[in-house]
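Below is one structure; the comments refer to it alone.
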Amino acid sequence: VRAKYPHKDWSKFVWLNYPTEESRKKHREAKGKGEIPENAKIGGEIGIHGVPEGYEFAIPLKINWTLGCISMTNAGINDLYPCITEKIIIEITP
């Protein structure tokens, strides 16, 4: 976790440490093998956060609206938020 903070649009934001050097290496290798386009960008500012006001329905419908982040209901992120420290390790696996 790089940081965590209240967010004006979706309750709370937990900023994850991505991309890491390992993910950059995998990205370069995938480009080299032609698995992803040569001009593909790795991205960044990935986090775990709530949803905009009135958008709670997006979670059970699994609407992909975040551009790479993980969204939760605002109640969910509000419950999780106090348990997260900048020292905690969060591993996201496929």
Side-chain angles (χ1 to χ4, degrees):
V1 172
R2 292 181 71 173
K4 68 178 206 173
Y5 48 88
H7 194 281
K8 66 180 179 71
D9 293 327
W10 39 74
S11 184
K12 308 280 188 305
F13 190 85
V14 178
W15 186 11
L16 301 178
N17 185 24
Y18 177 87
T20 62
E21 192 49 47
E22 180 182 349
S23 56
R24 290 184 205 290
K25 180 181 176 202
K26 288 179 180 179
H27 187 75
R28 286 190 300 271
E29 289 172 355
K31 281 184 176 184
K33 293 177 185 176
E35 296 172 347
I36 59 175
E38 187 60 36
N39 64 347
K41 305 251 188 282
I42 195 165
E45 295 189 37
I46 303 298
I48 302 170
H49 58 73
V51 296
E53 187 70 33
Y55 210 69
E56 297 277 333
F57 68 88
I59 303 300
L61 294 177
K62 300 179 182 179
I63 295 174
N64 184 7
W65 66 278
T66 68
L67 301 176
C69 290
I70 298 166
S71 64
M72 302 176 68
T73 63
N74 289 336
I77 193 67
N78 289 338
D79 284 346
L80 181 65
Y81 192 80
C83 302
I84 294 176
T85 68
E86 291 184 20
K87 302 282 185 195
I88 198 167
I89 295 173
I90 297 173
E91 185 173 335
I92 311 294
T93 58

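Keep in mind that this is a model prediction, so the values were computed, not measured.
Heavy-atom minimum distance, Trp10 versus Pro52: CB-N, 4.1 Å. In this structure, Ser11 and Asn78 approach most closely via the heavy-atom pair OG-OD1, 2.8 Å. Shortest non-hydrogen contact noted between Gly44 and Pro19 is CA-CD, 4.1 Å.
One N or O on the side chain of Asn74 and one on the backbone of Val51 form a donor-acceptor pair closer than 3.5 Å. Of the possible donor and acceptor atoms, one in the side chain of His27 sits under 3.5 Å from a partner among the backbone N and O of Ala40. Of the possible donor and acceptor atoms, one in the side chain of Tyr81 sits under 3.5 Å from a partner among the backbone N and O of Tyr5.
Separation of atoms CG (Asp79) and OG1 (Thr73) is listed at 8.0 Å; rounding is to 0.5 Å. Here Lys4 contributes atom NZ and Ile48 contributes atom CD1; the two are 11.5 Å apart, rounded to the nearest 0.5 Å. Expressed to the nearest 0.5 Å, how far OH of Tyr18 lies from OG of Ser23 amounts to 4.5 Å. For the atom pair CZ of Arg2 and CD of Glu86, the computed distance is 10.5 Å after rounding to the nearest 0.5 Å. To the nearest 0.5 Å, atoms NZ (Lys62) and OG (Ser71) are separated by 12.0 Å. The CD1 atom of Ile42 sits 9.5 Å away from atom CD1 of Ile46, with the distance rounded to the nearest 0.5 Å.
A parallel orientation is assigned to the rings of His49 and Phe13, their planes being inclined by less than 30° (bins at 30° and 60°).
Two different hydrophobic clusters hold Ile59 and Leu67 under the rule that ILVMFWY side chains link at heavy-atom gaps under 4.5 Å. By the criterion of side-chain heavy atoms lying less than 4.5 angstrom apart, applied directly or through intervening Ile, Leu, Val, Met, Phe, Trp or Tyr residues, Ile70 is grouped together with Ile77 in one hydrophobic cluster.
In this structure, Glu22 places its CD atom where only 12 or fewer heavy-atom neighbours from other residues, nucleotides or ligands lie under 6.0 Å away. Crowding of Glu45 atom CD: a count of heavy atoms from other residues, nucleotides or ligands under 6.0 Å not exceeding 12. Atom CD1 of Ile88 has more than 12 neighbouring heavy atoms from other residues, nucleotides or ligands inside a 6.0 Å radius.
In this structure, the side chains of Val1 and Thr85 stay at 4.5 Å or more apart for every pair of heavy atoms.
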